[in-house]
Amino acid sequence: MSKKIFYYIYFIFFCLLFAYVKYPTFLVGFTFFINFAFLSFLLVYNISYEKIFSPFLSTTIVFQLLFFIVAPVIQIHEIVLHGYEGTGHFIQEFPLNTDICIRANLYILLFNVCFFIFYYYFSKKVIVKNSFSLPKNLPFILLLLVICCILIFVLNLNTIIFQFQNELYKEAEMTTVSNYLFVQKFLFFIPLSGVILSYLYLIKTDKKMPNYKFVVFFLIVFLSVLMILKNPLTEKRNALGPIYITLIFILFKRFLNTNYKVTRFMFFAMVLLFPLVTIITHSRYSLTQMISKPIYLYKNIEYLSVTNAFNSLHYDAYPNFLATIDYCDNKEITPGEQLSCSVFFFVPRSIWKNKPETTGFLIGNYLIEKYKFNWNNLSNPYISEGYINFGFTGIILFALGLAYMFYLMLKWLLGSNYLNSIFAFYFSIYLMYFLRGDLTNGIAYIVAFWMAIIVIPKAIILIVNYYGKSNL
């Protein structure tokens, strides 16, 4: 698909969206449109004018379009159709309030403008290298990683069997958060480091080398173990996305090696495909029935409006930002308190007695207390974290922080260390989860992943090279 066709599809989609939806006031709709216009400017810049490969900006744009344009305007449209301000409410029971919506949209616009200014400044300092070298004694290091992965599989066999036999997420309810984080987000990611290093060896080494076939076997083992540990039956969909998209980037890089390709992929996958999939996943009919009798598919589309997909807690980032603004208007805020919980997530509550709740829980409990919602484990978007920590100033500070993080990740992505480069690409896709929040979980999970695919293999490389192990 050419860029021109993509632009046509993109603008036609949003023209139809803005023409279709109804708003409680003109100003609410206008502020959404202004945000869309600026995001469209960023999208065109990223696809057609940016000089370096930056999937970070691509994913951020798609996230903003999905969670701060498409989902909220559809949610507000449904509220307006079934009730007006004061009576209608979002999925988490927060009432539609036009003043807060306008404030939120202006805050989002401020964040995006500041972020782009900072990002543009930092991105000009990035130097592209991408000349990867093989670590010494890599076949022996891969053998050690294979042994490590087999041990992880064997020692956690009961957990793996439990996951396949029970409903998704049940294990998380039956264990502590720290144990769940250690096993699911750290140990079970280690095979991916083996995939990365094996593939690096294969693309940098002649097929006639004696260790080549061994490394092919190692790659198969790593992929097999990874697929067992990370699959739709045992892992959340939002966690699987970054893993499998990263695997595509490693093994079939040409499909995701430009800003246009990443933006196109993320846009069609997240904005168009996922909502359509609900027609099957939430169907009254089986897939076999719909294939054998297409009339069932038609009936299902009539029964399940695609807009229903956006009226769920999967797309609660915007209403949770509204709730956070309302919380800050009505509660006393301690500057930086929520940020301290995120940065020092690893400190157990048994030691830190007054450790704050994560922002998702904090806002969830507020919604329960004030608006009689029935669930407190909510997401909370990145911009919302900035606002609850430092108010209006926090929006600018968090925009600066995100832009600087992108600068560091760009240096990794385009640098000379292959492990760092793949980690950076994973982070670019993980941003769909990280930006949705909350910040504490976002930081905890990416730190665990960093330890699994960078710290562990680099530690093994240092130990092997220190003791002077020879090649196989």
Side-chain angles (χ1 to χ4, degrees), residues 50-60 119 122-138 141-142 144-145 148-149 185-205 215 218-219 222 226 239 241-254 256-259 262 401-434 442-466:
E50 190 160 27
K51 303 297 183 183
I52 59 175
F53 178 45
S54 179
F56 311 99
L57 186 57
S58 304
T59 303
T60 301
Y119 170 83
F122 287 131
S123 64
K124 297 304 177 184
K125 297 178 176 292
V126 176
I127 299 174
V128 180
K129 295 180 181 178
N130 273 158
S131 179
F132 306 119
S133 58
L134 287 175
K136 295 179 180 179
N137 305 310
L138 185 52
I141 291 164
L142 291 171
L144 294 179
L145 274 172
C148 179
C149 291
K185 305 302 180 183
F186 170 57
L187 290 181
F188 283 7
F189 272 115
I190 290 177
L192 183 57
S193 68
V195 173
I196 296 168
L197 290 175
S198 298
Y199 188 75
L200 175 63
Y201 181 90
L202 296 178
I203 62 175
K204 300 287 287 188
T205 306
V215 176
F218 292 159
L219 177 60
F222 289 128
L226 183 65
I243 300 170
Y244 286 96
I245 295 172
T246 300
L247 286 175
I248 293 172
F249 180 73
I250 294 170
L251 303 175
F252 310 100
K253 188 174 181 178
R254 66 184 182 277
L256 293 170
N257 62 351
T258 68
N259 295 333
V262 173
L402 187 66
Y404 187 72
M405 176 58 70
F406 284 12
Y407 165 66
L408 297 178
M409 289 294 99
L410 277 169
K411 292 203 299 184
W412 277 24
L413 179 68
L414 305 175
S416 57
N417 186 296
Y418 194 59
L419 282 171
N420 289 354
S421 180
I422 298 303
F423 172 85
F425 181 83
Y426 175 92
F427 179 74
S428 73
I429 306 302
Y430 177 78
L431 281 167
M432 290 297 296
Y433 174 85
F434 182 83
I443 292 176
Y445 292 165
I446 198 62
V447 168
F449 181 78
W450 167 74
M451 292 181 64
I453 75 157
I454 291 183
V455 175
I456 292 299
K458 284 188 176 181
I460 293 175
I461 290 170
L462 288 173
I463 292 170
V464 168
N465 291 334
Y466 178 78

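Paired with Phe425 under the rule ring pair (Phe, Tyr, Trp, His ring centres under 6.0 Å), one option of Phe249, Tyr430, Tyr418 passes, and it is Phe249. Put simply, the residue from Tyr433, Phe189, Phe434 that forms a ring pair (Phe, Tyr, Trp, His ring centres under 6.0 Å) with Tyr445 is Tyr433. Partner of Trp412 under the ring pair (Phe, Tyr, Trp, His ring centres under 6.0 Å) criterion, out of Phe406, Phe423, Phe427, Tyr407: Phe423 alone.
One finds the OH atom of Tyr426 at 10.5 Å from the CD1 atom of Ile196 (value rounded to the nearest 0.5 Å). Between the CD1 atom of Ile461 and the CG atom of Leu419 there is a distance of 6.0 Å, given to the nearest 0.5 Å. Taking CG from Leu197 and CG from Leu202, the interatomic distance works out to 11.0 Å, rounded to the nearest 0.5 Å. Here Ile127 contributes atom CD1 and Ser416 contributes atom OG; the two are 11.5 Å apart, rounded to the nearest 0.5 Å. Going from atom CZ of Phe122 over to atom CE of Met405 covers 11.5 Å, rounded to the nearest 0.5 Å. Taking CG of Asn420 as the reference point, atom CE of Met409 lies at 7.5 Å (rounded to 0.5 Å).
For Phe186, the ring-ring contact (aromatic ring centres under 6.0 Å, His included) criterion is met by Phe182, not counting sequence neighbours. By the ring-ring contact (aromatic ring centres under 6.0 Å, His included) test, Phe222 pairs with no residue at all, sequence neighbours left out. A search for side-chain hydrogen bond (donor to acceptor under 3.5 Å, both in side chains) contacts involving Lys204 returns nothing, not counting sequence neighbours. For Tyr244, there are no ring-ring contact (aromatic ring centres under 6.0 Å, His included) partners two or more places apart in sequence or in a different chain.
Considering every non-hydrogen atom in both Leu410 and Ser123, the closest pair reads CD1-CB, 4.3 Å. Ser428 and Thr59 make their closest contact through O-OG1, 2.9 Å (heavy atoms, listed as atom of the first residue, atom of the second, distance). The two residues Ile141 and Lys136 have their closest heavy-atom pair at CD1-O, 3.2 Å. Scanning all heavy atoms of the two residues, the minimum distance from Gly194 to Leu142 falls at O-CD2, 4.0 Å. Residues Ile429 and Pro242 share a closest heavy-atom pair of CG2-CA, 3.7 Å.
Looking only at side-chain heavy atoms (C-beta outward), Asn417 and Lys458 come within less than 4.5 Å of each other. Counting heavy atoms from C-beta on, the side chains of Leu247 and Leu226 come closer than 4.5 Å. The side-chain heavy atoms of Leu200 and Pro135, taken from C-beta on, include a pair separated by under 4.5 Å.
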For residues 447-457, tabulate all N or O donor-acceptor pairs below 3.5 Å that involve a side-chain atom, not counting sequence neighbours.
none

Acceptor/donor pairs from residues 51-58 side chains to any protein atom, 3.5 angstrom cut, sequence neighbours excluded:
residue : atom : partner : partner atom : Å
Ser54   : OG   : Tyr119  : OH           : 2.6
Ser58   : OG   : Asn46   : OD1          : 2.6
Ser58   : OG   : Ser54   : O            : 3.4
Ser58   : OG   : Thr263  : OG1          : 3.1

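For Ser198 (side chain) and Val195 (main-chain N/O), no donor-acceptor pair under 3.5 Å exists by modelled atom type.
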